[in-house]
Amino acid sequence: MIPRDPGADHLDDVLSAYLDDELAPAARHEAEAHLAACAGCRAELDEVSAARRAIRILPVHAARRPLVGTESGGLPGTPGVPRPPSRRRAVWALAAAVAAAIAFLLPRDPEVAPSLPSLADSHAARASITGDPLTQLAPIAVPVRFGP
Amino acid sequence: MTGSRRPLTGPAAQRLAFGCLAACSVVSGLAPARPAAALPGPGLGAGPVETSAVELLDRAREAAETQSFDGMVAVVWRDGRDQHSEQVPVSSAGGVLRFGDEVVGAGARRMVHGTDGWFSLWGHDVTTLGPPPTAKYRLAVEPGPEVAARPTDVVDVQLVGADRIRERLYVDRQSGLVLRRELLDSRGDPYRSVAFTAITSGTVGAEAATAGAPGVIRSQEPVPARHLKAPFKLRSRIGTGYRLVGAYKAGGVVQQFFSDGLHGLSVFEQRGHLGAAETTLAGQSGTGREVEISGHTMRAYSASVGDAVVWDSDGMVYTAVTDAPWSDLAGAVRDLPHADPPGRLRRVAQTVVSLFRWR
């Protein structure tokens, strides 16, 4: 790094404007005159130019999702801005785990084994009230067997 | 015939009135397609009385409750290729109908003998009758064969519009009792029947005449349910021609009883799901058979009382029992819920959804 004269006015921030060709003609002539006389500013100009070239040759990748500038136009951490993916994924995983735990801990419907002989008796008793009592009741007087 | 008729009071008289009303309506406009036979009515004095099949069946019901007789009844049923047959002595005296030492009917009371004594299955009369049988069936009366050495008239039962007789009831010309009732398969062969093999009218054994109704030690009578809370739901009609005539509750089980005028069909519902151990469904006596109704596999059982189907759906266990032919039962089951049982993943999903559901 080339030392610059601390007492002189150097270009500093003007360098970027100079590189971007944003200086007025008079200011540009003044800057060029300074660069011709100041080795330190010339060295700094070379460094800034090299850095810009290095950035320009980097490959361009599309962002997966906008980090800023959402529909609400807010900034990260403000309402309307999605949280970082990893955190959201963790929240969903936790919710699913809680739901699954609740589902398994909730009491299931009781296991039922209908007593067919008893239900058949109830049916025959009811049917015999409005039907023929003889033919409705006789079948339940024999051993009620379902199946072979 | 020397039948001792008990006086009809209250609901019994009302039922008889309903029966007469139904019979009159049948006689006036819904008479069977074939001309009714001229039959001597029991206890109606001399001279033939023009009657109909509906009157005949109504009178048979009353005769079973009021006539005095002793006899033996054979109950025969088919279960797949197996045929079963059981005999049971039957007697009636003083309005008490007794089947061996197992079952008693006295008026509107129905009692069954269990392991620890008699318990009551039913204890009240009903006012809602089923639809007239002629809404679904074509009934025809013709002279029948002798049953238990007694002349009969036979009521042939066909579905309206069908050409096959699917049931026959043989009615005693003398007492008016149904002496034989048989369900017929597509070939006309009986696959379930209840029939007297011997009967003596008017005289009963001294024991039967004086026994009366037994003392009941406990009640299993269901209570009428006019309204049901979810998930239970009253259904006014089911299957082919079955109308709801009563709903009852007992011990967490809801029974909806349907009638087509000739047969009864009960749908029992209880919360829960069927256990994996199917053998427990039928106690010690079998596991039934798998049937497919509306694309869903269910278990079916055949017994002396009729057929039954058991399945579960959406947290409810259904048991449908009927004394009607199998096709009626299958038709009724199609009208009932029969979703596939939810898997574990579906249960989890249902639970998650229910957590976020407002109501």
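Values below: every heavy atom of this structure, side chains too, minus hydrogens, waters and symmetry copies. Numbered from 1 within each chain, the chains take letters A, B, ... in sequence-line order.
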Report task. Decide yes or no on side chain to side chain donor-acceptor pair (under 3.5 Å) for A:S128 and B:R110, but give the supporting numbers first. Result -> CA-CA 9 Å; A:S128 70; B:R110 300 289 182 262; 2.5 Å; yes
Query raised in the report: If you draw a 6.0 Å radius around CD in B:Q87, do more than 12 non-hydrogen atoms from other residues or ligands fall strictly inside?
Result: yes
Query raised in the report: Around A:H29, counting heavy atoms of other residues, nucleotides and ligands shown, do more than 12 lie under 6.0 Å from its NE2?
Result: no
Does [X] reach the side chain of [Y], with side-chain heavy atoms less than 4.5 Å apart?
X      : Y      : result
B:V194 : A:Q136 : no
B:L274 : A:V112 : no
B:F99  : A:V142 : no
A:S122 : B:F268 : yes
B:R109 : A:I129 : no
B:S304 : A:I140 : no
A:L119 : B:S266 : no
A:L116 : B:V310 : yes

Return a table of donor-acceptor pairs under 3.5 angstrom between the side chains of residues 16-23 of chain A and protein atoms on other chains or two or more places apart.
| residue | atom | partner | partner atom | Å |
| --- | --- | --- | --- | --- |
| A:D20 | OD1 | A:R52 | NH1 | 2.3 |
| A:D20 | OD2 | A:R52 | NH2 | 3.3 |
| A:D21 | OD1 | A:R28 | NH1 | 3.2 |

Determine the minimum heavy-atom distance between [X] and [Y], stating which atoms define it.
X      : Y      : value
A:A120 : B:V305 : CB-CG2, 3.6 Å
A:D132 : B:A60  : OD1-O, 3.9 Å
B:R181 : A:T135 : NH1-OG1, 3.3 Å
B:E102 : A:A141 : CG-O, 3.5 Å

Query raised in the report: Between B:V73, B:L169, B:L121, B:L177, which has the largest tally of heavy atom pairs under 4.5 Å with chain A?
Result: B:L121
Query raised in the report: Of all of B:T319, B:T322, B:V253, B:V103, which one pairs up most often with chain A through heavy atoms under 4.5 Å apart?
Result: B:V103
Query raised in the report: Which answer fits B:V178, side chain, backbone, both or neither, if we ask what part of it has an atom under 4.5 Å from a heavy atom of chain A?
Result: both
**Report entry** Proximal component of B:L57, with respect to chain A [non-hydrogen, under 4.5 Å]
**Finding:** neither
**Report entry** Residue selection (most heavy-atom pairs with chain B, distance under 4.5 Å) from A:A124, A:S118, A:G131
**Finding:** A:G131
Requested in this report: Name the member of A:A125, A:P133, A:A127, A:A95 that forms the most heavy-atom pairs with chain B at distances under 4.5 Å.
Outcome: A:P133
Report summary line: With sequence neighbours left out, the residues meeting side-chain hydrogen bond (donor to acceptor under 3.5 Å, both in side chains) with B:R271 are none
Query - Any donor-acceptor pair under 3.5 Å from B:R61 side chain to A:T130 backbone - result: yes
Query - Test side-chain contact (heavy atoms from CB on, under 4.5 Å) applied to A:R126 and B:V245, step by step - result: CA-CA 10 Å; A:R126 174 60 185 86; B:V245 292; 3.6 Å; yes
